[in-house]
Protein chains: 2
Amino acid sequence: MSCHGTIIDQLRAAGVRLTPQRALVLDVVYHTDGHLTADQVYERVHAQSPQVDLSTVYRNLVFLRQQGLIGELRLEGQPVRFEAVRAGREHHHALCTHCGAMLELAQADLSSLQATLLDRYGFHLEPVHLTLSGLCQACAAAA
Amino acid sequence: MSCHGTIIDQLRAAGVRLTPQRALVLDVVYHTDGHLTADQVYERVHAQSPQVDLSTVYRNLVFLRQQGLIGELRLEGQPVRFEAVRAGREHHHALCTHCGAMLELAQADLSSLQATLLDRYGFHLEPVHLTLSGLCQACAAAA
DNA sequence: CTCCCAGTTGCAAATCTTCGCATCTGCATA
DNA sequence: TATGCAGATGCGAAGATTTGCAACTGGGAG
């Protein structure tokens, strides 16, 4: 059903249970390029396994996020969206509060912050998915 | 009713309407040290003006956050919480995903990230309230 | 001081997300 | 391969947050 052997191995190694529902949610998110709302994930899961419940989808989205396998995107005024976290393509988002443009930031852009936190607080920042707000170049120039 | 003249002036200067409901929400948040859930804000607002609706409280919390006057805290598994953004005491939060400890980060800790984003993307990071996840010193040491 | 209207509000209903609980099942172990 | 049980699921209901809309109002223009 899934073509994500590596990820599934990773899950097994972490000692978590791999239920068909969980695999399906993972599969749906990983087969999409964009950002899906929980409801959209549910729709697609439901199309393949109609008995799967929406709450199970939610629970698995939370679970997979905690495992670091999916990232979530909380944009102003719309439901939370999820996306795959692909090895080697980890990234964060910077959202322009003025025009809504979104740019992707490389994980490396956070490395100095990571170092700062470790240095000053002994805090190990997780490479979790972040969404930062601000003004994009164009809007900043216009202002 | 309120003792936040400066902030109110700031709002008027920004050309926004200052309704009693809005002033009350602002007042409640600024008269609390901790982090209040929307519901707690509503309770306190309601105690003073019983006719104010919960949705108005929500709308004003969103509005005041957009104005940068309050910050929000989204902690795993609990409703969103809000807190005052006090001039000179802007800060962010770092949450330990293991023990739940929360430490406050100074705005200055983000300055290098801010510089990086401006430099690499021309993106002007807003000093908005952030919550970062990771491991605190103690938990990291234990692991 | 009065008028006007864009922005707000209260209310009710929709939407989104989480939870409790009885039942079920992946998978480690024997 | 059969068994046990911690963790997952489905379902119903609750909780959290947002929205549509008609009525109302803060505060600038006249």
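Bear in mind that the values here come from a model prediction, so they are computed numbers and not experimental data. First the proteins, then the strands, lettered A, B, ... as listed; each starts at 1.
Look at B:Gln51 and you won't find any side-chain N or O under 4.0 angstrom from OP1 or OP2 of C:dC11. At least one side-chain nitrogen or oxygen of B:Thr56 sits closer than 4.0 Å to the OP1 or OP2 atom of C:dG10. Taking only side-chain nitrogens and oxygens, A:Gln78 never comes nearer than 4.0 Å to OP1 or OP2 of C:dC16.
Contacts of B:Asp39 with the nucleic acid, taken as non-hydrogen atoms under 4.0 Å apart, are absent. Among the atoms of the strands shown, only primed sugar atoms or phosphate atoms (P, OP1, OP2) are found under 4.0 Å from some heavy atom of A:Leu18. Contact annotation for B:Arg22: backbone-only contact, meaning every heavy-atom pair under 4.0 Å involves sugar-phosphate atoms and none involves a base.
For B:Arg59 against C:dG7, a side-chain-to-base donor-acceptor contact under 3.5 Å is absent.
Map B:Thr37 and B:Val16 each onto its nearest nucleotide of DNA chain D; the residue landing nearer the 5' end is B:Thr37.
Counting to the nearest Å, the P atom of D:dA16 and the CZ atom of A:Arg74 are 15 Å from each other. For the pair B:Arg81 CZ and D:dT17 P, the computed distance is 10 Å after rounding to whole Å. Following rounding to the nearest Å, B:Asn60 (CG) and D:dG26 (C1') show an atom-to-atom distance of 14 Å. A:Tyr42 has its OH atom 10 Å from the C1' atom of D:dG10, to the nearest Å. Put simply, OH on A:Tyr58 is 13 Å from P on D:dT17, counting in whole angstrom units. We find that CG of B:Leu54 is positioned 12 Å from P of C:dC11, with the value rounded to whole Å. For the pair B:Leu75 CG and C:dT18 P, the interatomic distance rounds to 13 Å; values are reported in whole Å.
With no hydrogens or angles considered, no side-chain donor-acceptor pair links A:Ser49 and A:Gln21 at under 3.5 Å. Side-chain contact, A:Asp53 with A:Ser55: a donor N or O sits under 3.5 Å from an acceptor N or O. No donor-acceptor contact under 3.5 angstrom links the side chains of B:His35 and B:Gln40, judged on distance only. A donor and an acceptor atom, one from each side chain of A:Arg22 and A:Thr56, are nowhere located under 3.5 Å apart.
Of the candidate nucleotides C:dG26, C:dT9, D:dG26, C:dT9 has the atom lying nearest to any side-chain atom of B:Thr19. Here C:dC11 is the nucleotide among C:dT17, C:dC11, C:dA6 with the atom lying nearest to any side-chain atom of B:Ser55. Nearest to the side chain of B:Asp53, among D:dT9, C:dC11, C:dT18, sits C:dC11. Considering only the side chain of B:Val52, C:dG10 comes nearest among D:dT9, C:dT9, C:dG10. For A:Arg17, counting side-chain heavy atoms from C-beta on, the closest listed nucleotide (D:dA6, D:dT9, D:dT17) is D:dA6.
Salt bridge status for A:Arg74 with A:Glu72: present, with a side-chain N to carboxylate O gap under 4.0 Å.
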